[in-house]
Amino acid sequence: MFDLYEQKLKNISVDDLKNLIHRRSNAYLIVDARELEAYCKGHIPGACDAFDAEIESLAANMDKNAHIIVYGPGQWVRSENPADRLSGDAAMRLMKMGFKNVMELNGGFEAWANAGNRVDTCNPTSIKPAANPLKNM
């Protein structure tokens, strides 16, 4: 069953994600799979933090056809096994929960930031759980 999910995991480039954000034509959710501390130091604008066990609670009430882009820190040496990456693991978990449109950001947060794109920061105490992340999109 692992191979089935590995084959379905699609990638999205930094440029394609940037275009998706600017178009805003479809509902989508950007999920930061890194730890809260890393998320607060810098994250893609509009991304929600969903490290590890938070993935299940975040996804519980979401439309299974929602477009979800997951990213992690980025790696110098990319593992071919999605389970070896924070974003790959989170994406596979979402797919196992029945989500059909899950993509992993190529190069993760590192690629986004290194391309000169906007990065938001936050205070960890200001983070609230997302009750319905696609409601306002």
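Predicted model only: the values in this text are computed from it and were never measured.
- Residues M62 and L29 meet the side-chain proximity criterion, which asks for heavy atoms closer than 4.5 Å.
- Shown here for G72 and S87, the closest heavy-atom pair between the two residues is N-CB, 3.3 Å.
- The shortest non-hydrogen separation linking A47 to Y71 is CB-OH, 3.6 Å.
- Nearest heavy-atom pair across I21 and Y28 is CA-OH, 3.4 Å.
- For the side chain to side chain contact (heavy atoms under 4.5 Å, CB included) test, residues two or more places apart in sequence or in another chain that qualify with A115 are V14, N117.
- Partners of K41 by salt bridge (charged side-chain N to carboxylate O under 4.0 Å, His left out), not counting sequence neighbours, listed by chain and number: E37.
- Contact record, D63 with F99: O-CE2, 3.3 Å, taken as the closest heavy-atom pair.
- For the salt bridge (charged side-chain N to carboxylate O under 4.0 Å, His left out) test, residues two or more places apart in sequence or in another chain that qualify with D120 are R118.
- For the side-chain contact (heavy atoms from CB on, under 4.5 Å) with I68, the qualifying choice from I30, N101, V31 is V31, the only one to do so.
- The side chain to side chain contact (heavy atoms under 4.5 Å, CB included) check on A113 picks up F109, V119, with sequence neighbours excluded.
- Atom CG of N11 and atom CG of L17 lie 12.5 Å apart (nearest 0.5 Å).
- I12 contributes atom CD1, which lies 13.5 Å from atom NZ of K18 (distance to the nearest 0.5 angstrom).
- K64 NZ to K100 NZ: the interatomic distance, rounded to the nearest 0.5 Å, is 8.5 Å.
- In this view, D16 and S13 satisfy the side chain to side chain donor-acceptor pair (under 3.5 Å) rule, not counting sequence neighbours.
- Atoms SG and CG, from C40 and D32 in turn, are 9.5 Å apart once rounded to the nearest 0.5 Å.
- In this structure, CG in L20 is found 6.5 Å from CE in M103, a value given to the nearest 0.5 Å.
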